[in-house]
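Atoms within each ligand, like the ligands themselves, are counted from 1 in listed order.
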Amino acid sequence: MSQTMTRHDLGSAVVYQIYIKSFCDSDGDGIGDLRGIESKLDYLQRLGVDYLWITPFFPSPQRDNGYDVSDYCAIDSVYGTMDDFDRLVAKADARGMGIMLDMVLCHTSRDHAWFQRALAGDERYQRYYILRDGRGSTGAGDPGEPPTNWQCAFGGSAWEWEPRLGKWYLHLHDVSQPDLDWTNPEVREQLANVVRFWKDRGVRGFRFDVINLISKPEVFEDDTEGLGRRLFADGPHVHEYLRELVDRAGIDGMITVGEMASTDLANCVRYTRPDDHELAMAFSFHHLKVDYRNGNKWELADPDIPRLRQIFREWQEGMQAGGGWNALFWNNHDQPRAISRFGGRGGAGLPDSSWEKVGKMLGICTHFMQGTPYIYQGEELGMTNPGYASIDEYRDVESKNYYRIMLDAGKSPAEALRVVNERSRDDGRTPMQWGSAAHGGFTTGEPWIGVAPNYTRVNAEVEEGVEGSMLEFYRKLVRLRKQLLAVSDGAVRFVEVGEGAPKVIAYLRELEDAPEGQPRRLLVLCSFDDEPCRVCLSGADVSLEDAERLLGNYDDAPTVDAASGAVALRPFEALVVALA
Ligand code: GLC
């Protein structure tokens, strides 16, 4: 049974992302599993979240930690059994939480039976993948050059020569992840059946991996301006394929979210407008590139906060104007921890007072926006990047590839490690810090990846029930979204804060017909500045006179200058006020 989510439902829901490999290990093999998740359902219920998005646990050779799927309708024994899964769905349901699954439909693993049959010469399955002759090939057996200059996401060509096929196959991610050919109707039907299979097992929603990359251009040609991305993101048939998938799998109106790589606003409006019957919401990533130097993830730069403000404004107001819906997030399993990124500290670092201020400020910043917030495991505890001392401690294929690419380009090992420290996807994949026991209580064995060194101070055990802890603060964020209709249902409008506050993001949430006793207008102020600053709201038809402070990350309210109305914000201060 699927229920249709209204915008109010989406606006009052909070999703929690579980990276299963690092969440909780129930059997001591060092890898998280389904029973581990089951053992933490009470914790998740107390946090108040409504949906649990679990990253892939399907059979996989784990070249890309499960995003290389070799069987879509089964469970890898490392993670548990189908019985474990069914029980988890039922137990989560009994606590009012729905399970969302991660569907990786753009590519399979090379180990998938479809690719294996293709390799064995079965032409039917060869038509499932994107196979091409090499450029300049003189005929059978001569690879020639890759068909185009496109680069894969993890570094290097997006094409791999396969001698058994006598062709190159396209892989937009790791070489072990051949892209599926969505122009083949049989492929689309198979994939819709996969989604339906899980829906029929009681799954309440889906996250679709890099789903805007499924429709490749009609003509395969070199990208003369870049690495190919702009040619295959939001491709020619993507909307049509999505509508068809949603219709066939019977998931229209469910909670669904697409991961949209290198996308734009206009397409995201279309992906998420209810009348288009595609998805409920979209993840876009422009706000998480403001610390890339010239768009290059592997070159460090300080976060550009004016740019961040501009991006949030464009996506908040633009999606609202177009009738789209945003997924709100700072963290996931592909991102370094935002608290390390925006806290001006980089790398690891033990918690200090600015750490706590930064974590709470970031929480306020996204949790009061229009859309559906996502909490990534450990964010609610203030988990940071681990700052590993050696490249050998990293596991991620992308990090290892780029470490090598940086060395080849002339960086010293120390310089390359420093970049990996700040940019690795493993920064967000360290074991969940449950307590002060060895490995943060994540496992009784040896974890597949090391815990961050601050686990004895940043963990669920020490934060539980402690007034002012990050965990209690996140519980409050979740509660307020459910209580305040201006947050779940209100309009959003960004406001100018004057030249004295270049690193402050400020917006209003307004609900003119809010019921009696509920605020009609909320003002949210978030300073990304590690210095004090002065916010001037005179241009914004907003006055803090008679305003009521609902939430903040300092114990008391900031000072307001009576004459000018300017607000003096302290380093990384954030607050939410109900305007009179
Ligand atoms: C998405 C996933 C990422 C994975 C990639 C390829 O970006 O979030 O972890 O490596 O797709 O499937």
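Protein heavy atom nearest atom 2 (C) of ligand 1, with residue, atom name and distance: Asp209 OD1, 3.0 Å. For atom 10 (O) of ligand 1, the closest non-hydrogen atom of the protein is Asp64 OD2, 2.5 Å. What sits closest to atom 8 (O) of ligand 1 on the protein, heavy atoms only, is Asp334 OD2, 2.5 Å.
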* Walk me through it: do Phe206 and Tyr51 pass the test ring pair (Phe, Tyr, Trp, His ring centres under 6.0 Å)? => CA-CA 10 Å; Phe206 295 95; Tyr51 293 93; over 10 Å; no
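Note on ligand 1: Arg63 sits outside its first shell, no heavy atom being nearer than 4.0 Å. Between Arg429 and ligand 1 there is a heavy-atom distance shorter than 4.0 Å.
Partner Phe58 forms a ring-ring contact (aromatic ring centres under 6.0 Å, His included) with one of Phe197, Trp198, Tyr72 and no other, that one being Trp198. When each of Phe342, Tyr376, Phe283 is checked for a ring-ring contact (aromatic ring centres under 6.0 Å, His included) with Trp330, only Phe342 meets the rule.
Counting atoms of ligand 1 from 1 in the listed order, those under 4.0 Å from a heavy atom of Arg425 are 3 (C), 4 (C), 9 (O), 10 (O). Applying the 4.0 Å criterion to heavy atoms of Phe154 picks out, from ligand 1, the atoms 10 (O).
Residues Arg117 and Tyr128 bring no donor and acceptor atom of their side chains to less than 3.5 Å of each other. Of the N and O atoms on the side chains of Trp182 and Ser215, not one donor lies less than 3.5 Å from an acceptor on the other residue.
A salt bridge does not link Glu186 with Arg127: every distance from a Lys NZ or Arg NE/NH1/NH2 to an Asp or Glu carboxylate oxygen is 4.0 Å or more.
When the options Glu259, His333, His107, His173 are ranked by their closest heavy atom to atom 7 (O) of ligand 1, first place goes to Glu259.
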